[in-house]
Q: 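A single structure is presented below for examination.
Keep in mind the model is a prediction, meaning the values are calculated, not measured. Below, chain A is the first sequence line, B the second, and so on; all start at residue 1.
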Protein chains: 2
Amino acid sequence: MESVEGNNSAVKVAFIHDANKLSREEERHENVDENNSDRFAITQYIGETDTHSDALITRYAHTLTNYSLRNLGYPINQDFNYEALAPLLQFHLNNAGDPFLGSGLSLNSMKFEVSVLDWFAKLWEIEKNEYWGYVTTGGTEGNLHGILVGREQLPDGILYTSEDSHYSIFKIARMYRMQCVKVASLISGEIDCAQLETSLLANKNKPAIINLNIGTTLKGGIDDLDLVIKTIDKCGFTNDQFYIHCDGALFGIMLPFMKQALRISFKKPIGSVTISGHKFLGCPSPCGVLITRLKYINALSRDVDYIASRDATITGSRCGHAPVFLWYALKKKGLTGLENEVHNCIFKARYLLNQLRRAGIGAMLNEYSNIVVFERPLDDNFTRKWTLASNKNIAHVVVMKHVTIEMLDTFVREFVQERYVWYKDGQVQPLCIAKDVGSRNCACSIHKLSSNY
Amino acid sequence: MESVEGNNSAVKVAFIHDANKLSREEERHENVDENNSDRFAITQYIGETDTHSDALITRYAHTLTNYSLRNLGYPINQDFNYEALAPLLQFHLNNAGDPFLGSGLSLNSMKFEVSVLDWFAKLWEIEKNEYWGYVTTGGTEGNLHGILVGREQLPDGILYTSEDSHYSIFKIARMYRMQCVKVASLISGEIDCAQLETSLLANKNKPAIINLNIGTTLKGGIDDLDLVIKTIDKCGFTNDQFYIHCDGALFGIMLPFMKQALRISFKKPIGSVTISGHKFLGCPSPCGVLITRLKYINALSRDVDYIASRDATITGSRCGHAPVFLWYALKKKGLTGLENEVHNCIFKARYLLNQLRRAGIGAMLNEYSNIVVFERPLDDNFTRKWTLASNKNIAHVVVMKHVTIEMLDTFVREFVQERYVWYKDGQVQPLCIAKDVGSRNCACSIHKLSSNY
């Protein structure tokens with residue numbers, strides 16, 4: 001084969017020059033979480049061909065197995081099995097373009113994608129000929145899209161969202177150069193509609209784009225969609241003066257399986273709903289689903305001759321494997337399977353709440369939620385060991401499918417043991433977290449954890 | 001196990017109600033590309049648990065194998081082997097947060113990510129303590145990030161980009177509410193610096209944020225970074241009045257291996273570079289790499305207690321498998337392997353150019369490019385059969401690693417045969433594409449394809 005430039009490109013010479021400095025990347029990692037710094041040799045210089053990579057991957061997989069056994073704090077279901085999809089990984093699958101129009105890139109999974117979208121459209125009660133959507137790279141892209149649709153509908157709209165919203169919402173407001181009003185939350189984490197009313201009335205001259213958390217990241221508070229709609233109405237906003245985006249990251253797929261829970265439905269005046277696919281369903285990579293009303297999409301779409309499709313997405317080229325993962329999960333679980341998983345997670349969350357409170361640890365669990373909030377462990381090593389997520393005075397466990405009663409028992413037992421050390425056998429009192437979880441859920445010396453729960 | 005709501009949730013009843021309408025999704029697919037509509041039963045209703053899914057996936061994989069043998073038009077390397085990474089697919093890996101700071105989510109691959117980033121930082125000549133970056137979900141996210149960094153540096157900046165830019169650039173300008181000036185391109189596809197100069201001088205009162213195509217999607221034209229810098233300088237913009245983002249989707253990793261080619265380097269006054277990981281390197285899912293200057297990132301970063309990290313990315317939760325794929329590809333190929341692949345693609349592209357021109361078909365190939373541009377086939381079935389990408393009068397083949405000489409020979413032979421039919425044995429003349437590829441590359445009755453190339 002002809003070589004165009006010969007074998008001595010400048011870049012190669014530059015790389016070879018450094019080839020013996022195998023440990024130079026070590027310095028870079030000084031700040032990396034110590035608990036996470038198993039020294040597999042990935043920091044080794046990537047230069048000439050390497051034959052040890054496969055062995056290193058095996059070690060890495062082993063490390064991950066250990067981590068996954070103590071993964072309590074993030075809403076990511078680690079219990080899935082996509083072995084049957086392994087043959088697809090030899091292909092690059094790319095769903096660039098509009099899933100409903102197909103694409104010039106024949107290696108796509110748009111039919112799986114549309115099948116998944118139809119399923120969610122049904123879940124959230126919108127007719128097939130009235131909705132549009134796509135499988136996203138995750139919850140943030142769903143929020144990026146929903147809020148963009150809202151802004152394009154109402155270019156002068158102010159974005160309202162509670163202080164408990166996911167960090168992506170405030171980032172998006174800045175990216176999109178939108179005025180953003182942060183509304184106070186209730187103890188549960190849900191948006192305070194009295195505060196929302198005050199804010200809406202103070203800005204009546206501008207349309208409202210409202211992000212609702214279904215539910216909030218830290219506490220699992222569920223913004224009361226029905227009360228929000230009433231509040232908007234009460235403030236005198238007509239249907240063409242507001243847009244509601246529902247960030248349903250985790251609960252968006254759970255609530256429909258609980259009869260008394262808030263109903264997310266396009267029969268109500270909402271503009272878009274998004275969930276994360278890797279959260280409740282479980283998926284190797286982050287992904288999500290965004291559903292909106294078809295009528296809004298023409299304003300966003302652009303014909304793209306190059307991909308023989310239209311583009312109304314945020315990321316353009318999109319992972320073609322994610323829709324197949326989601327399709328497969330929905331197929332395999334079935335509605336009964338999903339329903340059982342939802343109730344099982346809620347059951348285990350209530351179990352954890354009870355165990356914590358019996359042990360005298362302040363804790364809170366919202367209704368229809370699998371997120372148990374409690375006092376932040378005093379030792380960050382403990383937090384890291386159990387991969388807890390925390391914020392200021394509180395931490396949480398999100399009871400996902402992979403979390404077993406045994407894991408929870410071990411966690412509570414260790415937590416209790418550690419607390420004896422942190423609180424010096426009762427000589428030091430736990431932090432007061434009444435402001436975060438309510439006085440009846442606080443175990444400090446003043447509030448003493450009400451048994452009336 | 002206790003069931004919280006019993007077995008009759010409203011959603012289940014609603015789904016069951018429709019469970020017999022197995023073919024209802026068929027209607028939806030009427031618009032889907034016919035060539036892409038192999039009727040595997042994925043459009044079947046997803047409702048109750050299904051046992052045929054595995055067999056269907058096997059059929060789907062078979063269909064994809066057929067497609068991949070005729071995949072000429074998109075810059076996606078389908079020749080990769082990540083079998084050794086299969087064990088990782090049993091984990092959800094999530095790199096939410098700043099790769100250099102680690103994250104509370106222990107199931108991440110941030111060390112692989114930093115290793116990959118360091119490699120690219122070296123490629124594009126920026127010191128480790130001076131750069132920041134991350135592995136993105138693809139080229140569009142890289143552009144979203146680079147242009148956002150530019151806008152945050154220069155809030156009043158006007159975005160300049162050539163008319164041949166990827167469709168994402170114009171979408172981003174709209175998302176970010178930036179004024180965008182579309183600059184004319186030369187025949188090669190590269191930005192016309194005379195036009196750029198005129199545009200810059202007409203807007204001297206505002207800073208300039210310039211997107212450069214390395215190279216363009218359709219023609220593989222490479223914007224002349226050095227000439228652009230000279231033009232900016234000539235127009236009197238000082239270093240704090242402009243920001244250059246390089247969209248290096250495909251060529252960003254190829255050019256460094258060709259000695260005479262344009263050098264992308266942070267030693268020049270550029271702000272960010274991005275490439276797509278799935279393009280030249282090959283990867284099952286879209287991904288990319290973004291490198292920018294560390295000094296810009298503090299303005300974008302927000303501490304996020306919840307993930308025990310900082311966030312300066314677009315998508316937040318990010319695929320943890322992609323960095324391992326990229327790391328593995330770089331390790332396995334090595335610099336010599338990459339260099340050989342680059343030269344081999346360029347060699348095959350020149351071969352295709354010659355074969356087309358010998359057959360009397362108008363065609364163009366830029367220097368340092370593997371994108372062969374030619375007259376658009378008159379029959380869209382032929383375009384679809386070979387998965388060509390096209391735009392107005394022209395189409396292209398991107399000669400990637402998986403494209404063999406045999407594929408190219410078959411393609412040219414079939415193209416020639418079809419042309420006899422389309423052009424009625426010479427009674428009808430081919431379209432004039434001189435405006436698109438230059439008169440010496442056009443085979444119409446006037447220009448007659450110069451042999452002097």
Q: Please report the shortest heavy-atom distance between A:P87 and B:A61, naming the atom on each side.
A: CB-CB, 4.3 Å
Q: Within this structure, what is the CG-CG distance for the pair A:L144 and B:L144, rounded to the nearest 0.5 Å?
A: 8.0 Å
Q: If every non-hydrogen atom of A:P155 is compared with every non-hydrogen atom of B:R177, which pair is closest and at what distance?
A: O-NH2, 2.7 Å
Q: Pick one of side chain, backbone, both or neither for B:H166, based on which atoms fall under 4.5 Å of a heavy atom in chain A.
A: neither
Q: Under a 4.5 Å heavy-atom cut-off, does chain A meet the side chain of B:A86, its backbone, both or neither?
A: neither
Q: Considering only heavy atoms and a distance below 4.5 Å, find which of B:T136, B:N95, B:T137 pairs most often with chain A.
A: B:T137
Q: Please identify each residue that fulfils ring-ring contact (aromatic ring centres under 6.0 Å, His included) with B:Y74, with sequence neighbours left out.
A: A:Y306
Q: Return the option, out of B:A84, B:P284, B:G320, B:G73, with the maximum number of heavy-atom pairs under 4.5 Å with chain A.
A: B:P284
Q: Hey, would you say the B:Y67 and A:F91 ring centroids sit under 6.0 Å apart?
A: no
Q: Does anything in residues 83-93 of chain B pair up under side chain to side chain donor-acceptor pair (under 3.5 Å), and if so which pairs, sequence neighbours excluded?
A: B:H92-B:N94
Q: Pick one of side chain, backbone, both or neither for B:T217, based on which atoms fall under 4.5 Å of a heavy atom in chain A.
A: both
Q: Check whether any side-chain N or O of B:K171 sits under 3.5 Å from a backbone N or O of A:T313 as a donor-acceptor pair, and report yes or no.
A: yes
Q: Considering only heavy atoms, which portion of B:N71 lies under 4.5 Å from any heavy atom of chain A: side chain, backbone, both, or neither?
A: side chain
Q: Using every non-hydrogen atom in the two residues, find where B:S106 and A:T387 come nearest and quote the distance to one decimal.
A: OG-OG1, 3.3 Å
Q: Counting heavy-atom pairs under 4.5 Å with chain B, which one of A:L300, A:N143, A:I307 comes out on top?
A: A:I307
Q: If you count heavy-atom pairs under 4.5 Å between each of A:T58, A:N81, A:D311 and chain B, which one has the most?
A: A:D311
Q: Any side-chain heavy atom of A:M175 sitting closer than 4.5 Å to one from B:Y176?
A: yes
Q: I need the minimum non-hydrogen distance between B:R151 and A:R174, along with the two atoms involved.
A: NH2-O, 3.0 Å
Q: Name the option with the most non-hydrogen atom pairs under 4.5 Å to chain A; the candidates are B:E152, B:M178, B:K392.
A: B:E152
Q: Taking all non-hydrogen atoms of both residues into account, name the closest pair between B:S317 and A:Y167 and its distance.
A: N-OH, 4.5 Å
Q: Closest approach of B:P286 and A:C319, non-hydrogen atoms and distance?
A: CD-CA, 3.4 Å
Q: Could you give me the CA-CA distance, side-chain angles and deciding distance for B:L107 and A:S68, then say whether side-chain contact (heavy atoms from CB on, under 4.5 Å) is met?
A: CA-CA 7 Å; B:L107 288 151; A:S68 69; 4.1 Å; yes
Q: Could you tell me whether the side chain of A:K332 reaches within less than 4.5 Å of the side chain of B:D54, counting heavy atoms only?
A: yes
Q: Would you mind telling me which of A:T140, A:T383, A:V324, A:D380 has the largest number of heavy-atom pairs within less than 4.5 Å of chain B?
A: A:T140
Q: I'd like to verify something: which residue of A:G138, A:S285, A:A96 has the highest number of heavy-atom pairs under 4.5 Å with chain B?
A: A:S285
Q: Side chain from CB out, backbone as N, CA, C, O: work out which of these in B:L388 comes under 4.5 Å of a heavy atom of chain A, or both, or neither.
A: neither
Q: Answer with side chain, backbone, both or neither: which region of A:N391 has an atom nearer than 4.5 Å to a non-hydrogen atom of chain B?
A: both
Q: Measuring heavy-atom distances to chain A, does B:I314 have an atom under 4.5 Å in its side chain, in its backbone, in both, or in neither?
A: both
Q: Considering only heavy atoms from C-beta outward, does the side chain of A:F112 approach that of B:L56 to under 4.5 Å?
A: yes
Q: Do A:L93 and B:H278 come within less than 4.5 Å of each other through their side chains, counting heavy atoms only?
A: no
Q: Evaluate side-chain contact (heavy atoms from CB on, under 4.5 Å) for B:I57 paired with A:Y82, printing each intermediate quantity in order.
A: CA-CA 11 Å; B:I57 292 293; A:Y82 294 112; over 6 Å; no
Q: Does a side-chain heavy-atom distance below 4.5 Å link A:L89 with B:L85?
A: no
Q: Count the heavy-atom pairs under 4.5 Å between each of B:D98, B:L88, B:L148 and chain A, then report the option with the highest count.
A: B:L88
Q: Side chain, backbone, both or neither: which part of B:T65 has a non-hydrogen atom closer than 4.5 Å to chain A?
A: both
Q: Which atoms of A:L338 are under 4.5 Å from chain B, going by heavy atoms: the side chain, the backbone, both sets, or neither?
A: neither
Q: With only heavy atoms counted, which part of B:L64 is less than 4.5 Å from chain A, the side chain, the backbone, both or neither?
A: both
